[in-house]
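Taking it in order: structure first as structure tokens, then the write-up.
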There are 2 protein chains.
Amino acid sequence: MTPKKECAPRRPRGRPPSFDRETALSQAMTLFWDRGYEGTSFDDLIGVMGISASSFYNSFASKEALYMEAIEAYARREGAWFTQALESDGGVAAAFRTMLDAAAIAFTRRDAPSGCMIAVAATQCSPAQSRLRQMLIDQRHGAEAIMQARLVDGVRMGELPEDADCAGLAAYFSAVINGMGVQARDGACREKLQHIGSLAASVLQGSARSK
Amino acid sequence: MTPKKECAPRRPRGRPPSFDRETALSQAMTLFWDRGYEGTSFDDLIGVMGISASSFYNSFASKEALYMEAIEAYARREGAWFTQALESDGGVAAAFRTMLDAAAIAFTRRDAPSGCMIAVAATQCSPAQSRLRQMLIDQRHGAEAIMQARLVDGVRMGELPEDADCAGLAAYFSAVINGMGVQARDGACREKLQHIGSLAASVLQGSARSK
DNA sequence: CTTTTTTTGGTGTCATCGCTCCATAAATCC
DNA sequence: GGATTTATGGAGCGATGACACCAAAAAAAG
């Protein structure tokens, strides 16, 4: 048998960090969320994180790497409404209706920047940021693929007609969510976004097949 | 009678400019369109315009002023499809269907950057660019107001029910167009965008009142 | 011609960008 | 205690950002 790992959390070796990495990451995420990558300076970052440049580079590889991590953290933590709503019960149409409503709510929280961190990020940027841009394109495509999979599932369950264009519908809903993200950034209130979502969801209602 | 103005275009006084201001503005517009304001550097600009810093500041007040002019030029020249489609004959539903299809085409031209210069611009940016951001918010709100006016007109013409929610529908179509702008920036082809537009337009079809 | 007017090319400026270096501080290990 | 290890504070780096300055060039006006 291999020796058991220490269960009591032994303190690590050297000088203890003066800040919590996860907290700092959250603070950076919020700033990136609000200002985007190019709109957020290094000094802005270490300012809001409350650390020095040395501490920053001791915990993060670069501004770009931090942004990547921030996007991942956002997708995992703040983007839960997306997958959760799509996995909810009640059929495809209801799931998408729920998801769009959840988007409206998530995009207009008072304790976070408005809109979606991913939806409108790096659509226009310098060629120097092409890696980041591609990463965000992949994120958006990923979300679209999840939606498409849910629609395909709806067809399989007989909730949508056999000839339903799942790819087209997924692209449509993806566009609507991204558009809601723009509206939110422009100051649209929750009700306005919910109305947009409701109208968008009605497209599925029309082609949903009643049992 | 006041003395007539010279009709023959007398050459102006000093050294003739070595470049055409409108052409340079177009070149700058295209670069801004592709990279956004923060993603476009001063050197990038004078590079694509083919002029020196001196010539630049002799014709334009600042990078910010140039961007403002570029947005105006875009709205006036490249954004004609928008107003033209909405003014077309055949009723509201047809007008919006035409407009969304025109958007799909305009967003995927081969001789211009993909997407819309206004739709996705300055949604995330540094506080230093708040003037530009507000200007773009106004542009987007202006487009939404034009759509709403067309919908109100549709109600007046009896093409839509009296209780149609024109503001809500305008917000919805605005979101769809902006979302199509994101999709286009992410590389979506013309057909995909046209499909999105078609699905979006079907919302009006449903609430359109047949005479 | 000279004067006046406007544009141009080239160089310089000053702030900010993201990032690095190093001596020191604060902890554990022996 | 000393050695080792890790984190911190602070100064500073080269590159790039937008922009300013000025003498020279190229035209019309007198």
Side-chain angles (χ1 to χ4, degrees), chain A residues 5-6 8-25 27-28 31-32 35-70 122 124-132, chain B residues 5-6 8-25 27-28 31-32 35-70 122 124-132:
Chain A
K5 249 193 174 170
E6 294 281 355
R10 201 100 77 85
R11 313 281 306 275
R13 200 65 156 61
R15 173 175 176 170
S18 65
F19 69 99
D20 179 49
R21 197 182 186 280
E22 284 301 302
T23 306
L25 176 59
Q27 289 158 335
L31 202 61
F32 277 136
R35 305 185 179 179
Y37 181 75
E38 290 178 319
T40 307
S41 78
F42 182 79
D43 286 355
D44 290 339
L45 282 171
I46 62 175
V48 80
M49 295 161 101
I51 61 178
S52 68
S54 324
S55 299
F56 180 94
Y57 284 103
N58 194 46
S59 284
F60 306 97
S62 64
K63 183 190 167 189
E64 181 177 340
L66 173 63
Y67 186 77
M68 297 265 197
E69 260 197 80
Q124 286 177 323
C125 62
S126 132
Q129 267 69 54
S130 55
R131 288 170 51 88
L132 285 183
Chain B
K5 248 194 175 171
E6 293 282 356
R10 201 100 77 84
R11 317 278 305 277
R13 202 61 157 62
R15 175 174 176 171
S18 64
F19 68 100
D20 178 49
R21 196 183 187 278
E22 284 301 301
T23 305
L25 177 59
Q27 290 159 334
L31 202 61
F32 277 136
R35 305 185 179 181
Y37 180 76
E38 289 177 320
T40 308
S41 78
F42 183 79
D43 286 354
D44 290 338
L45 281 171
I46 62 175
V48 80
M49 294 162 101
I51 61 178
S52 68
S54 322
S55 298
F56 180 95
Y57 283 104
N58 194 47
S59 284
F60 306 97
S62 65
K63 183 189 166 189
E64 180 176 339
L66 173 64
Y67 186 78
M68 298 265 198
E69 260 197 81
Q124 285 178 323
C125 62
S126 131
Q129 266 70 54
S130 55
R131 287 171 50 89
L132 286 182

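Just so it is clear: chains get the letters A, B, ... in the order the sequence lines come, proteins before strands, and each one is counted from 1. Atom set for the values below is all heavy atoms of this structure, side chains included, hydrogens, waters and symmetry mates excluded.
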Boundaries of the chain A footprint along DNA chain C (any atom under 4.0 Å from a heavy atom):
C:dC17 to C:dC29

Atom [atom1] of [X] and atom [atom2] of [N]: how far apart are they, to the nearest Å?
X: A:D43; N: D:dA11; atom1: CG; atom2: C1'; result: 14 Å
X: B:I46; N: D:dC19; atom1: CD1; atom2: P; result: 11 Å
X: B:L45; N: D:dC19; atom1: CG; atom2: C1'; result: 13 Å
X: B:D44; N: D:dA15; atom1: CG; atom2: C1'; result: 15 Å

Please list, chain by chain and in numerical order, all residues satisfying side chain to side chain contact (heavy atoms under 4.5 Å, CB included) with B:R131, sequence neighbours excluded.
B:E64, B:M68

Just to verify, what does A:F60 make a ring-ring contact (aromatic ring centres under 6.0 Å, His included) with, not counting sequence neighbours?
A:F56

Selection: residues 47-66 of chain A, any non-hydrogen atom under 4.0 Å of DNA chain C:
A:A53, A:S54, A:Y57, A:S62, A:K63

Looking across every strand, which nucleic acid part, if any, lies under 4.0 Å from B:S126 by heavy atom: base, sugar-phosphate, or nothing?
nothing

Rounded distance [0.5 Å steps], CD in A:Q27 versus CD1 in A:I46:
13.0 Å

Within this structure, what is the NZ-CD distance for the pair A:K63 and A:E38, rounded to the nearest 0.5 Å?
7.5 Å

State, to 0.1 Å, how close [X] and [Y] come at their nearest heavy-atom pair, and which atoms those are.
X: A:A61; Y: A:A65; result: CB-CB, 3.9 Å
X: A:G39; Y: B:S126; result: O-CB, 3.3 Å
X: B:V48; Y: B:L31; result: CG1-CD2, 3.9 Å
X: A:A28; Y: A:L66; result: CB-CD2, 3.8 Å

Are the side chains of A:S41 and A:R35 in touch, meaning some heavy atoms are under 4.5 Å apart?
no

Distances under 3.5 Å between nitrogen or oxygen atoms of protein and nucleotides 23-27 of chain D:
residue, atom, partner, partner atom, Å
D:dA25, N3, B:R15, NH1, 3.3

Does the plane of the ring in B:Y37 sit parallel, tilted or perpendicular to the ring in B:F32? Use 30° and 60° as the thresholds.
parallel

For DNA chain D, whose closest nucleotide is more 5', that of B:E38 or that of A:P17?
A:P17

Solution key, residues 14-22 of chain B side-chain donor-acceptor pairs under 3.5 Å, sequence neighbours excluded:
residue, atom, partner, partner atom, Å
B:D20, OD2, B:T23, N, 3.1
B:D20, OD2, B:T23, OG1, 2.6
B:R21, NE, B:S59, O, 3.4
B:R21, NH1, B:E69, OE1, 3.0
B:R21, NH2, B:S59, O, 3.0
B:R21, NH2, B:E69, OE2, 2.9
B:E22, OE1, B:R77, NH1, 3.3

